[in-house]
Amino acid sequence: MCFPGVEGQGGFGICIEGNIASGKTTCLEYFSKTSNLEVLTEPVSKWRNIQGHNPLALMYQDPVRWGLTLQTYVQLTMLDRHLSTMSAPVRMMERSIYSAKYIFVENLYRSGKMPEVDFAVLSEWFDWITSNIDIPVDLIVYLQTTPQTCYERLTQRCREEEKVIPLEYLETIHQLYEDWLINQMSFKVPAPVLVIPANHDLQKMLHQYEEHRGKILMGSK
Ligand SMILES: Nc1ncnc2c1ncn2[C@@H]1O[C@H](COP(=O)(O)OP(=O)(O)O)[C@@H](O)[C@H]1O
Ligand SMILES: O=c1ccn([C@H]2C[C@H](O)[C@@H](COP(=O)(O)O)O2)c(=O)[nH]1
């Protein structure tokens, strides 16, 4: 069984990856003004409110109890994003079903905050999805930051659920991203990776996005 995704629709799919508060949404906002390009942000509002419940907040309060709940829903909503019908020939989306598994589920498990049975259930779901469904990713853009920069931006953004996040959490997420996308020694990387240094101020970042516009969108031509 194989279901067609964006590739089946003849489109070009770009995933913007990076640590929490690295600037992914800001990057997407910038590119959203480009014609013939659609932007899909992470479905965070769904993770904060499913039928009146807030699995994101619950996970930060008690990851052992709620990690599986959140990550099951993240996996579903990311799959839904990947498979949704394209409204333009190029799609730029925030994160992916891959980073949900390789970064966030992996972190919960390795840190002892996800019971082995929960990890096994999520892993079997993930393996089934990725071997039976075509998840279309043509390019990964990695916004590479230091954990300290993300900590400052996260503090400034002040999302209620994330007030409990310490710098050490961002350091761990950072290392998982580096091992996956830079050192390429942890998990299979599903597409070529373009690394953009992202510690700079907003003006310099927008300048860099303009410089990289060709490289990012080139593959779509
Ligand atoms: N280059 C930058 N310099 C300073 N602040 C930034 C920069 N990019 C984004 N921000 C701010 O940092 C916070 C997190 O950015 P955001 O784009 O929401 O990150 P992400 O989507 O990766 O979590 C927001 O308050 C945003 O306005
Ligand atoms: O699989 C996932 C993906 C994201 N999260 C958390 C991390 C953040 O608190 C929010 C959204 O991330 P941003 O980087 O600000 O977009 O969701 C998670 O726990 N699991």
Side-chain angles (χ1 to χ4, degrees), residues 15-32 39-50 54-82 92-111 113-114 118-119 122-123 125-126 129 140-167 169-170 172-174 176-177 180 187 196-210:
C15 291
I16 308 295
E17 294 285 356
N19 206 337
I20 303 169
S22 54
K24 300 178 298 298
T25 309
T26 309
C27 170
L28 286 164
E29 222 171 86
Y30 180 71
F31 280 101
S32 68
V39 154
L40 297 183
T41 52
E42 237 176 357
V44 183
S45 60
K46 291 189 173 192
W47 307 343
R48 301 173 88 181
N49 184 0
I50 169 173
N54 186 339
L56 184 68
L58 290 169
M59 185 281 294
Y60 280 123
Q61 283 159 25
D62 186 353
V64 178
R65 170 67 184 84
W66 298 109
L68 174 69
T69 307
L70 173 70
Q71 292 303 146
T72 301
Y73 194 46
V74 168
Q75 190 154 268
L76 171 68
T77 52
M78 292 308 293
L79 180 63
D80 182 55
R81 281 280 200 270
H82 281 294
M92 195 176 261
M93 78 178 250
E94 187 171 4
R95 290 217 179 97
S96 58
I97 197 168
Y98 296 103
S99 48
K101 177 66 165 66
Y102 297 155
I103 305 296
F104 290 93
V105 173
E106 189 66 20
N107 177 48
L108 283 164
Y109 179 60
R110 282 196 201 176
S111 61
K113 292 187 178 118
M114 176 172 280
D118 292 6
F119 182 71
L122 268 171
S123 298
W125 258 117
F126 176 80
I129 290 166
I140 292 175
V141 175
Y142 174 42
L143 301 185
Q144 191 179 41
T145 47
T146 58
Q148 184 61 41
T149 296
C150 289
Y151 189 70
E152 285 158 20
R153 292 179 186 168
L154 179 129
T155 308
Q156 175 214 320
R157 179 171 66 188
C158 211
R159 200 182 262 156
E160 192 56 38
E161 294 85 347
E162 295 173 344
K163 285 183 179 165
V164 294
I165 296 181
L167 176 61
Y169 185 78
L170 299 176
T172 310
I173 297 293
H174 173 76
L176 283 162
Y177 260 116
W180 179 39
F187 302 103
I196 301 186
N199 280 324
H200 309 293
D201 65 30
L202 198 53
Q203 201 184 355
K204 173 101 195 265
M205 286 313 299
L206 301 186
H207 184 70
Q208 281 201 109
Y209 293 145
E210 222 25 68

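One-based numbering, in listed order, for ligands and for the atoms of each.
- Taking 4.5 Å as the limit, some side-chain heavy atom of His82 sits within range of a side-chain heavy atom of Met93.
- In summary, the atoms of ligand 1 found under 4.0 Å from a heavy atom of Glu94, numbered by their order in the structure, are 21 (O).
- Contacts with ligand 2 closer than 4.0 Å are made by side-chain heavy atoms of Lys24 only, the backbone lying farther away.
- Taken from CZ in Phe119 to NZ in Lys101, the straight-line distance is 4.0 Å, to the nearest 0.5 Å.
- Taking a cut-off of under 4.0 Å to the non-hydrogen atoms of Met59, the atoms of ligand 2 that pass are 19 (O).
- Using a 4.5 Å heavy-atom threshold, the side chains of Glu210 and Tyr30 count as touching.
- Heavy atoms of Gln75 stay at 4.0 angstrom or farther from ligand 2.
- Summary of contacts: the protein heavy atom closest to atom 12 (O) of ligand 2 is Arg95 NH1, 3.2 Å.
- The closest side-chain heavy-atom distance from Met59 to Glu161 is not below 4.5 Å.
- In this structure, CD in Gln75 is found 4.0 Å from CD1 in Ile129, a value given to the nearest 0.5 Å.
- Scanning all protein heavy atoms for the shortest distance to atom 24 (C) of ligand 1 gives Arg157 CB, 4.3 Å.
- When Tyr102, Tyr73, Tyr60, Phe104 are ranked by how near their heavy atoms come to atom 3 (C) of ligand 2, first place goes to Phe104.
- For the pair Ile173 and Ile103, the minimum side-chain heavy-atom distance is below 4.5 Å.
- For atom 26 (C) of ligand 1, the closest heavy atom belonging to the protein is Thr26 OG1, 4.0 Å.
- Ligand 2 places these atoms under 4.0 Å from at least one heavy atom of Glu94: 16 (O).
- Counting protein heavy atoms only, atom 1 (N) of ligand 1 is closest to His200 O, 2.9 Å.
- For the residue pair Thr77 / Trp47, a side-chain donor-acceptor distance below 3.5 Å is found, with atom types taken as modelled.
- Under 4.0 Å from ligand 1, the heavy atoms of Asp201 that appear belong solely to its backbone.
- Contacts between Gln156 and ligand 1, counted as non-hydrogen atom pairs separated by less than 4.0 Å, involve the side chain only.
- Looking at atom 10 (C) of ligand 2, its nearest protein heavy atom turns out to be Glu162 OE2, 3.6 Å.
- Note on Glu42 versus Lys24: no salt bridge recorded, every NZ/NE/NH1/NH2 to OD/OE distance being 4.0 Å or above.
- At a heavy-atom cutoff of 4.0 Å, ligand 2 is contacted by the side chain of Leu70 but not by its backbone.
- Not a single heavy atom of Glu161 sits closer than 4.0 Å to an atom of ligand 2.
- Numbered from 1 in the order shown, with element, the atoms of ligand 1 that lie under 4.0 Å from a heavy atom of Ala21 read 14 (C), 19 (O), 20 (P), 22 (O), 23 (O).
- Contacts between Ala21 and ligand 2 below 4.0 angstrom, taking non-hydrogen atoms only, involve the backbone exclusively.
- Enclosure of atom CD in Gln203 is not indicated, since only 12 or fewer non-hydrogen atoms of other residues, nucleotides or ligands lie within 6.0 angstrom.
- Here the protein heavy atom with the shortest distance to atom 5 (N) of ligand 1 is Arg153 NE, 3.7 Å.
- In this structure, Phe187 and Tyr102 have parallel ring planes: the angle between them is below the 30° cut-off, well short of the 60° mark.
- Between Val141 and Met92, the closest side-chain pair of non-hydrogen atoms is not below 4.5 Å.
- Contact annotation: for Arg157 versus ligand 2, heavy atoms closer than 4.0 Å belong to the side chain alone.
- Using a 4.0 Å cut-off between heavy atoms, Ile20 contacts ligand 2 through both its backbone and its side chain.
- Nearest heavy-atom pair, Gly67 versus Met114, reported as atom, atom and distance to 0.1 Å: C-CE, 3.9 Å.
- Between Glu162 and Arg157, the closest side-chain pair of non-hydrogen atoms falls below 4.5 Å.
- Scanning all protein heavy atoms for the shortest distance to atom 20 (N) of ligand 2 gives Gln71 OE1, 2.8 Å.
- Close approach of ligand 1 to Met205 is summarised as follows: ligand atoms under 4.0 Å from at least one heavy atom of the residue are 1 (N).
- Under 4.0 Å from ligand 2, the heavy atoms of Leu56 that appear belong solely to its side chain.
- Every atom of ligand 2 with a heavy atom of Arg159 under 4.0 Å away is listed here by number and element: 10 (C), 11 (C), 15 (O).
- Protein heavy atom nearest atom 16 (O) of ligand 2, with residue, atom name and distance: Glu42 OE1, 2.4 Å.
- The protein atom (non-hydrogen) at minimum distance from atom 21 (O) of ligand 1 is Thr25 OG1, 2.5 Å.
- Ranking protein heavy atoms by distance to atom 4 (C) of ligand 2, first place goes to Trp47 CZ3, 3.5 Å.
- Assignment of Ser22 to the shell around ligand 1 is supported, since a heavy atom sits closer than 4.0 Å.
- Here's the thing with Gly23: one of its N/O atoms is less than 3.5 angstrom from an N/O atom of ligand 1.
- In this structure, Glu152 falls outside the shell of residues with a heavy atom less than 4.0 angstrom from ligand 1.
- Going from atom CG of Asn199 over to atom OG1 of Thr146 covers 4.0 Å, rounded to the nearest 0.5 Å.
- Using a 4.5 Å heavy-atom cutoff, the side chains of Leu122 and Tyr109 are not in contact.
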Set out, in order, the CA-CA distance, both residues' side-chain angles and the distance that settles side chain to side chain contact (heavy atoms under 4.5 Å, CB included) for Leu167 and Gln148, then state yes or no.
CA-CA 7 Å; Leu167 176 61; Gln148 184 61 41; 3.5 Å; yes
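- Between Thr41 and Glu29, the closest side-chain pair of non-hydrogen atoms is not below 4.5 Å.
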